[in-house]
Protein chains: 2
Amino acid sequence: MIIRIEPDSDIPIYEQLSNQIIEGIARGVIQPGDSLPSVRAFASDLGVNMHTVNKSYHLLEKKGIIKIVPKSGAIISSPQDFNQSSLDRLKDEYMPLIAESLVVGMSQKQILELVSIIINDIKKN
Amino acid sequence: MIIRIEPDSDIPIYEQLSNQIIEGIARGVIQPGDSLPSVRAFASDLGVNMHTVNKSYHLLEKKGIIKIVPKSGAIISSPQDFNQSSLDRLKDEYMPLIAESLVVGMSQKQILELVSIIINDIKKN
DNA sequence: CATCTGTTCTATTGTTTCTAGAACAATAAC
DNA sequence: GTTATTGTTCTAGAAACAATAGAACAGATG
């Protein structure tokens, strides 16, 4: 799995990493049951600090996407295990983005099309 | 227009304010051509610092949503004035959210439904 | 036993966020 | 024309966050 970190981005490194891991799962590059590299190995690969990777893992665990088994590894959870709070959080995160899309002049159709394009782009992998 | 600021949120105040202004425009509570309160008056209303409101205004201007006319006020732009860079930025922001939705187990249909619900919720105002 | 694992602790550095106060120049109001 | 208001700019400080670094621990794996 190829991870691309941009140190000068306004998005924190630990968030970039979390997002790309999520994208990797969505694309099927990583699958439920698979385990992520150790925080040390991953940090070494990416050229970042161990604690930064650790923070990413804990963010993913908070989102319910992986399970960190101490002294063993970080394992991708099954989609079945998602809960209502994840849905509520996602809705809150969609709202400002959709509002901005409307304000910027996009129609409902255009927004749904954009979302469809992104979904299909992910799925065809 | 009612603005609700949560000082203890993990979302910065200036971003909360920007988001709610955007939502207000999307809902039609504020319209293109309308002007926003002065940074001082708004800050006083909200109980925050003038510079925080100022930062919100500049974020909105960067997004192409308002135009700050020095010594005059901040005016809501028309939707026609949006540009390609806004679209690119929005696409980048949709991506991680959609990927997470898929990972968490939502189907394409469910995602499109959620987006539709949010759009209609905004539009019916 | 030795290694590797995630965890925890202290520490430092730089950035961001928020508040604060003051001053400036141009516009608007009277 | 004077006054008040406007957004802008500057310095400054506090607090939180982001990222790095090094060390140590205890449990699992080989």
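Reminder, nothing fancy here: chain letters follow the sequence lines and each chain counts from 1.
Nearest to the side chain of A/Met50, among D/dA23, C/dT17, D/dG7, sits D/dA23. The side chain of A/Ser38 has C/dG6 as its nearest neighbour among D/dT8, D/dT20, C/dG6. Taking every side-chain heavy atom of A/Pro12 into account, D/dA18 is the closest of D/dA18, D/dT9, D/dG22. With C/dT19, C/dT7, D/dT8 as the candidates, the nucleotide lying closest to the side chain of B/Ile13 is C/dT19.
For C/dT7, its base sits under 3.5 Å from the side chain of A/Arg40 at one donor and acceptor pair at least. On a pure distance criterion of 3.5 Å, a polar donor-acceptor pair joins the side chain of A/His51 and the base of D/dG22.
Contact between the side-chain N/O atoms of A/Lys55 and the OP1/OP2 oxygens of D/dA19 is not found at any separation under 4.0 Å. Of the side-chain N and O atoms in A/Tyr14, one or more sit less than 4.0 angstrom from OP1 or OP2 of D/dA18. For the OP1/OP2 pair of D/dG7 and a distance below 4.0 Å, the side-chain nitrogens and oxygens of B/Asn54 include no atom meeting the criterion. Put simply, A/Thr52 has a side-chain N or O that comes within less than 4.0 Å of OP1 or OP2 on D/dT20. Between B/His58 and D/dT8 there is a side-chain N or O to OP1 or OP2 distance below 4.0 Å.
With hydrophobic clusters built from ILVMFWY side chains whose heavy atoms lie under 4.5 angstrom apart, A/Leu59 does not share a cluster with A/Met1. Under the 4.5 Å side-chain contact rule for hydrophobic residues, B/Val69 and B/Tyr57 do not share a cluster.
The distance between atom CG of A/Asp10 and atom P of C/dT17, rounded to the nearest whole Å, is 10 Å. Straight-line distance from the CG atom of A/Leu36 to the P atom of C/dG6: 10 Å, rounded to whole Å. In this structure, B/Glu15 places its CD atom 15 Å from P of D/dC17, rounding to the nearest Å. Between the CD atom of B/Glu6 and the P atom of C/dT17 there is a distance of 18 Å, rounded to whole Å. The distance from atom CD1 of B/Ile11 to atom P of D/dA16 is 19 Å, rounded to the nearest whole Å. If you take CG of A/Asn49 and P of C/dG14, they are 16 Å apart, rounded to a whole angstrom. Atoms CG (B/Leu59) and P (C/dT16) sit 14 Å apart, rounded to a whole Å. Rounded to whole Å, atom P of C/dG14 lies 15 Å from atom CG of A/Asp8.
In terms of heavy-atom proximity, A/Ser35 sits nearest to A/Ile75 at CB-CG1, 4.1 Å.
Side-chain atoms of A/Ile13 and A/Lys55, non-hydrogen and from C-beta on, never get closer than 4.5 Å to each other. Residues B/Ser116 and A/Leu112 meet the side-chain proximity criterion, which asks for heavy atoms closer than 4.5 Å.
Each of A/Gly47 and B/Gly73 was matched to the nucleotide of DNA chain D holding its nearest heavy atom; the match closer to the 5' end belongs to B/Gly73.
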